[in-house]
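Below is one structure, written out as structure tokens, with a few remarks after it.
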Amino acid sequence: MAILTINAGSSSVKFTLFPSDADTPRASGIVERIGLEGTRLKARRAGGEAVETPVPGADVDRAVEVILEALGHPQHGVIAGVGEIEAVGHRVVHGGERLTRPVVLDGAAKAYLESIVPLAPLHNPHHLRGIAACERHIPHAVQVAVFDTAFHASLPRHAFLYGIPLRFHAEDGVRRYGFHGISHKYVAGEAARFLGRPAEGLRLVTCHLGNGCSVTAVRGGRSLDTSMGFTPLEGLLMGTRSGDIDPAAVLYLMERHGFSPAAMNDLLNRRSGLLALAGVGSNDVRDILAAARNGSNQAELAVEMFCYRIRKTIGAYAAALGGLDAVVFTAGIGENAPEIRRRALADLGFLGILLDEALNESPAEGPRAVHAASSRVAVLVIPTNEELEIARETRQALAEQRRP
Ligand code: AMP
């Protein structure tokens, strides 16, 4: 039997198929460019070559259908039929205040997800479409939702409330939710395993640095604070997002330039961050680092701003945790950019964080330590694996459902 993970986004549906009882995927892939020219399926079975198939005009429903056709293909497939799929684990960005652990999607859970679409208008509607498609094409399978917000449900009130009248939390749900929780939870678990220590008592700062960036303080395997807030805009500088900015500056710009809320939202989410600051016409950190090395002062400043925000958040979270055992780097930038790791940790020797330059620069893959032997705090690079975390949590939800 098998577990399928589905991540349905605005223009793509990503999938991975796991055996029900093991962590090694049997196949994975994506239907990309949904709603655009050139919609295609890219699929790969374990140990095989990637195969590309055009699926012109496919919507999310059709995308799920072609994924299932590929998985069950008589020559290239990995299952005899959809009957082998016993559960589908859906990545869902927002679970609101109520869905704080993986849930089997019944009518009530889906109605709640519909009701909180205004909290995640760019994500949850696509997830709901993915769920509906899987219910239609794999009706016998148990549908489970795994939430990016759920890991941060353990934030104490003093960390999740904003300094505005409490009724805006009670009536409008305005609070810090935090995101990237599936990734932060996965790497926190892997860090404990790598260090050979129980999660209990372990104080970690996990840095998810990818297209979006967030830092989380983790104590005893639970999220204590996190840099993203009501939306994924707060906190660190990101590829195209501003991160922290005084809300009064936002209001000032709106008034001065007559920006509508939608225009301001677009400016802060899609036209700010490294893209705006570096001046190289790209938000890819590889391009920005290359421009800085080639003498662009503007790109250099953008890199320093990016690293400085990470550095000061690590310091803040060391204080929130009352000490620090390890800093963990993950995602596209965290895993692959030694210069960013080095600069983010510069001058943190007073916290007991000392990098080993050679280990940090080494192009090794997989979970690894990059701190100096004399460092009091471990510095780890741990490739994230959100699909595996979703599959594990789906497996757990399935087991709980079946328990008498
Ligand atoms: P993710 O969201 O985890 O897929 O991360 C995507 C981001 O990782 C891209 O926008 C790149 O900026 C960054 N990235 C990927 N590889 C590298 C690399 N070798 N060096 C620097 N940044 C990288």
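We count ligands from 1, going down the list as the structure has it; atoms in each ligand are counted the same way. By convention here, the first residue in the shown sequence is residue 1.
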- Query: Is there any N or O on Leu289 that sits under 3.5 Å from an N or O of ligand 1?
  - Reply: no

- Item | For Ile333 against Gly210, the heavy-atom pair lying closest together | CD1-O, 3.5 Å

- Note on the structure: atom 16 (N) of ligand 1: of Glu339, Arg286, Glu386, the nearest heavy atom sits on Arg286

- Ion pair present between Glu49 and Arg44, side-chain N to carboxylate O less than 4.0 angstrom? no

- Task: Say whether His208, considering both its backbone and side-chain N or O atoms, lies within less than 3.5 Å of an N or O atom on ligand 1.
- Result: no

- Message: Given the ring of Phe160, does Arg176 sit roughly above its face, with NZ or CZ under 6.0 Å from the centre of the six-membered ring and within 45° of the axis?
- Response: no

- Task: Could you tell me the residue and atom name of the protein heavy atom closest to atom 12 (O) of ligand 1, and the distance to it rounded to 0.1 Å?
- Result: Val285 N, 2.9 Å

- Message: Quick check against the 3.5 Å criterion: does His180 have a side-chain atom that pairs as donor or acceptor with the backbone of Ser183?
- Response: no

- Query: Where is the tightest heavy-atom contact between Pro118 and Pro121, given as atom of each residue plus distance?
  - Reply: O-CD, 3.4 Å

- Note on the structure: The closest protein heavy-atom partner of atom 10 (O) of ligand 1 is Asn211 OD1, 3.1 Å

- Distance flag for atom 4 (O) of ligand 1, protein heavy atom under 4.0 Å: no

- Identify the closest protein heavy atom to atom 13 (C) of ligand 1: which residue and atom is it, and at what distance? Ile333 CG1, 3.5 Å

- Gly332, any N or O under 3.5 Å of ligand 1 N or O: yes

- How about Thr206 and His184: does a side-chain donor come under 3.5 Å of a side-chain acceptor? yes

